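Working notes, beginning with the structure itself.
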Amino acid sequence: MNSPANIVLIIGGGIAAYRALELIRLLVKQGHAVHPVLTRGAREFITPLSAAALAGRKAHDDLFSLTDEVEMGHIRLAREADMVVVAPATANLMARAAHGLADDLATAVLLATDAPVLFAPAMNPHMWAHAATCANVELLRRRGAHFIGPEQGEVACGEHGEGRMAEPQDIATRVQEMLAMGHVAGADGPLAGQRVLITAGPTHEPIDPVRVLANRSSGRMGYALAQAARKMGAEVVLVSGPVALAAPEGVSLVRVETAQEMLQAVMQALPVDMAVFTAAVADWRVRFPAAQKLKKGAEGPPVLELEENPDILATVAALPGEQRPRLVVGFAAETQAVEEHARAKLARKGADVMVANDVSPRTGILGGTETELLILAADGQAQRLERASKEVNARRLMQHLAAMLAERGGEGSAGHEHASDG
Ligand code: CTP
């Protein structure tokens with residue numbers, strides 16, 4: 001079974017809306033948090049109360065509900081969703097989604113989300129077969145949307161043909177499959193064909209066979225970025241120091257311990273299109289780690305002689321020509337003069353982008369679950385990502401980086417031969 005997901009279920013205005021209630025029940029039974037959104041049309045068929053009762057949480061039905069808007073309700077719903085399901089998806093709702101309208105909560109969520117979207121169309125067979133609907137479905141499909149149904153059968157108006165919404169059970173199964181695949185935008189994703197390398201976690205530098213020099217990095221940001229890149233269609237290599245996290249679905253994970261091993265694994269993963277260095281690499285290692293466990297003795301505590309570790313980011317940023325990723329991204333955790341220090345780091349290490357965060361204790365970011373980021377580009381541009389969970393900001397950041405990579409042009413190197421293959 002997958003871990004519970006946040007699913008936004010948009011219920012369109014059609015007679016099949018009542019079958020969406022069964023879908024809520026099934027998704028809740030699978031352990032997911034279902035956030036129902038009813039269009040104005042849907043409210044002609046079912047009540048927000050019945051959807052809320054089954055979901056066990058609030059059903060949303062109005063774009064400009066005051067309390068929701070105070071917390072930017074629709075943006076939050078859209079951003080925190082792991083998946084958006086539209087059932088029933090009416091011809092009108094799909095037309096509005098295809099053309100980027102955002103005149104109610106349902107379409108605003110569809111426009112603001114970067115989570116995978118599954119449409120379960122339901123309508124009169126003539127409407128389904130109409131060239132306008134076909135063109136809209138095609139447009140949505142090309143942008144990466146998924147579809148289930150409609151099926152053959154008798155539709156509400158008594159006509160027979162293709163237009164009946166897929167069975168709620170089949171929709172629930174498809175949702176489960178898509179979540180299990182860590183669902184990938186695949187060939188349609190903004191990073192399709194691109195190879196992305198991410199370093200994450202701390203490094204452990206041995207003192208003796210049982211002791212290490214370490215730091216408190218959890219690896220959470222790097223893992224979330226790897227997952228986000230994968231969902232956007234990239235081929236992802238995640239080089240990780242010791243952390244307590246499971247490998248994100250579909251990502252190839254290389255586990256390392258020391259900074260030197262991390263450097264080696266990174267060089268083997270090249271060439272890549274984008275490299276993102278989130279790892280908290282130990283600045284120093286013990287020059288002569290003991291071959292046997294150090295024992296307490298008459299000579300007192302050992303004195304550790306340290307030497308500097310290689311700078312992995314700077315090494316990769318300095319590679320010549322095609323060996324250098326088209327976009328080299330570093331992270332700078334600072335406690336004061338954040339922008340100034342991060343800009344200096346950007347220049348010193350030769351990166352294209354430095355993502356700064358303020359880890360001074362008052363922010364609660366270090367070791368916490370939320371983060372606030374400042375994206376600094378070598379060309380002087382800056383963009384702030386407001387405070388949100390590390391996962392949400394990882395997604396936003398990866399979208400940003402994907403757009404920057406696309407601006408730089410060039411062909412993706414996914415699927416080509418890599419040093420690590422040999
Ligand atoms: N980094 C790296 N290899 C190292 C040290 C750092 O790849 N040996 C990368 C980190 O992954 C991060 C960026 O460089 O993306 C900045 O790391 P940070 O520890 O903030 O920089 P330092 O070089 O240690 O600078 P300072 O000591 O001044 O904070």
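Both counts, for ligands and for their atoms, begin at 1 and track the order of listing. Positions are given from 1, in the same order as the sequence printed here. Every heavy atom of this structure was used, including side-chain atoms; hydrogens, water molecules and symmetry mates were not. None of the values given here were measured: they were computed from a predicted structure.
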From atom 4 (C) of ligand 1, work out which of L346, V281, V355 has a heavy atom at the shortest distance.
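Considering heavy atoms of L346, V281, V355, the nearest to atom 4 (C) of ligand 1 sits in V281.
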Minimum distance, heavy atoms only, to atom 21 (O) of ligand 1: which one of M354, H341, K345, E308 is it?
K345
Is the closest side-chain heavy-atom distance between [X] and [Y] below 4.5 Å?
X: E391; Y: R220; value: yes
X: L26; Y: Q30; value: no
X: E372; Y: T363; value: no
X: T203; Y: T258; value: no
X: I171; Y: M165; value: yes

Heavy-atom pairs closer than 4.0 Å: do any link ligand 1 to the side chain of [X], the backbone, both, or neither?
X: R285; value: neither
X: E334; value: neither
X: K349; value: side chain
X: A314; value: neither

What is the nearest protein non-hydrogen atom to [atom], stated with its residue, atom name and distance?
atom: atom 8 (N) of ligand 1; value: P310 O, 2.8 Å
atom: atom 7 (O) of ligand 1; value: L313 N, 2.9 Å
atom: atom 15 (O) of ligand 1; value: F277 O, 2.6 Å
atom: atom 28 (O) of ligand 1; value: R348 NH2, 3.8 Å
atom: atom 12 (C) of ligand 1; value: F331 O, 3.0 Å
atom: atom 3 (N) of ligand 1; value: I312 N, 3.0 Å
atom: atom 10 (C) of ligand 1; value: A279 O, 3.3 Å

Can a donor-acceptor pair be found between the side chains of [X] and [Y] at a distance below 3.5 Å?
X: E261; Y: H204; answer: no
X: T173; Y: D170; answer: no
X: N92; Y: T90; answer: no

Sub-4.0 Å atoms of ligand 1 with respect to non-hydrogen atoms of D283:
24 (O)
Proximal ligand 1 atoms for G330, defined as those under 4.0 Å from one of its heavy atoms:
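In order of numbering, the contacting atoms are 15 (O).
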R40 CZ: over 12 foreign heavy atoms closer than 6.0 Å
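Incorrect, the count does not exceed 12.
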Closest heavy-atom pair, A91 versus T133, reported as atoms and distance to 0.1 Å, is CB-OG1, 4.2 Å
Verify the contact flag for atom 1 (N) of ligand 1, where contact means a protein heavy atom under 4.0 Å away.
yes
